[in-house]
Visitor: 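Can you keep this structure in mind? I'll have questions shortly.
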Amino acid sequence: MKNEKTVYVVLGGTSGIGAELAQQLENENTIVHTASRKTGLDISDEQSVYHYFESIGAIDHLIVTAGSYAPAGKVIDVEISQAKYAFDTKFWGAINAAKHGARYIKKGGSITLTSGMLSRKVVANTYVKAAINTAIEATTKVMAKELAPIRVNAISPGLTKTDAYSGMNEADRNAMYERNQSSLPTGKVGEASDIAKAYRLVIENTYMTGTVVDVDGGALLG
Ligand SMILES: NC(=O)c1ccc[n+]([C@@H]2O[C@H](COP(=O)([O-])OP(=O)(O)OC[C@H]3O[C@@H](n4cnc5c(N)ncnc54)[C@H](OP(=O)(O)O)[C@@H]3O)[C@@H](O)[C@H]2O)c1
């Protein structure tokens with residue numbers, strides 16, 4: 001069929017970075033599906049993810065931004081059940097999505113996952129995020145080989161102003177943003193729009209696969 005629209009699926013696209021990306025992708029030549037628990041999809045539930053893709057059919061690009069929650073704290077303090085819950089959502093959710101979404105991806109398509117700077121910036125009390133993001137980055141590269149010619153990349157955001165921090169009280173949140181703003185080489189904390197542009201880059205650039213793109217204001221420079 002000529003003039004076929006490009007189909008995107010953004011899992012986690014109802015909030016924050018995913019919602020901003022979905023909005024940036026939206027135009028008269030695209031169909032953008034977003035899903036999360038709000039729309040009835042729990043990405044940690046493999047059967048639900050399987051049926052979700054079955055209901056959508058052929059797609060061009062799959063993006064996963066779901067699951068910003070992970071418990072903070074030292075290894076000796078964090079409840080293992082809470083750590084596993086975070087893994088079930090962000091890591092196993094991404095695997096569920098790639099596993100069951102891949103077969104629907106059309107020629108020239110891609111998968112883009114989301115890690116985070118804590119994969120490679122060593123910060124005490126963040127081991128759950130560090131471990132999840134590292135696992136996502138490693139699996140991204142393995143899948144880039146296994147699923148070729150589907151391209152598989154990951155975006156690694158630094159601190160970004162989104163609803164992920166809506167549970168903090170306002171004063172603490174603003175203090176966190178200000179602290180980071182003054183220490184980052186960019187002199188600003190990321191906006192969802194800054195991060196969304198990186199997903200568009202790896203989706204559009206047909207020479208990029210197995211790549212982790214850092215969009216962190218220079219946080220990893222130390
Ligand atoms: N913001 C940052 O500073 C930052 C930094 C580094 C990395 N990241 C990463 O960037 C990604 C997006 O974060 P964000 O800041 O945009 O977070 P956000 O605003 O909290 O959005 C997270 C999205 O995930 C969905 N979600 C959560 N649990 C889910 C589940 N079980 N099944 C399906 N969807 C689920 C949420 O919708 P429902 O509640 O409706 O399910 C929501 O749409 C995450 O992977 C996060 O770890 C963010």
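Residue numbers run from 1 in the order of the sequence given. Every heavy atom of this structure was used, including side-chain atoms; hydrogens, water molecules and symmetry mates were not. In each ligand, atom 1 is the first atom listed, and ligand 1 is the first ligand listed.
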Visitor: Classify the side-chain pair Y69/Q82 by whether it contains a donor and acceptor separated by less than 3.5 Å.
Guide: yes
Visitor: Heavy-atom contacts with ligand 1 below 4.0 Å: which residues, ordered by chain and residue number?
Guide: G12, T14, S15, G16, I17, S36, R37, K38, L41, D42, I43, T65, A66, G67, S68, T89, K90, T114, S115, G116, P157, G158, L159, T160, T162, D163, A164, Y165
Visitor: Relative to the ring of H100, is the ring of Y50 parallel (under 30°), tilted (30 to 60°) or perpendicular (over 60°)?
Guide: perpendicular
Visitor: So do the side chains of H33 and V7 get within less than 4.5 Å of each other, counting heavy atoms only?
Guide: yes
Visitor: If two hydrophobic side chains count as joined below 4.5 Å and joins carry through other members, does Y52 share a cluster with I63?
Guide: no
Visitor: Taking NZ in K188 as the centre, count heavy atoms belonging to other residues, nucleotides or ligands within less than 6.0 Å. Is the count above 12?
Guide: yes
Visitor: Is the Lys NZ or Arg CZ of K74 less than 6.0 Å from the centre of Y127's six-membered ring, within 45° of the axis?
Guide: no
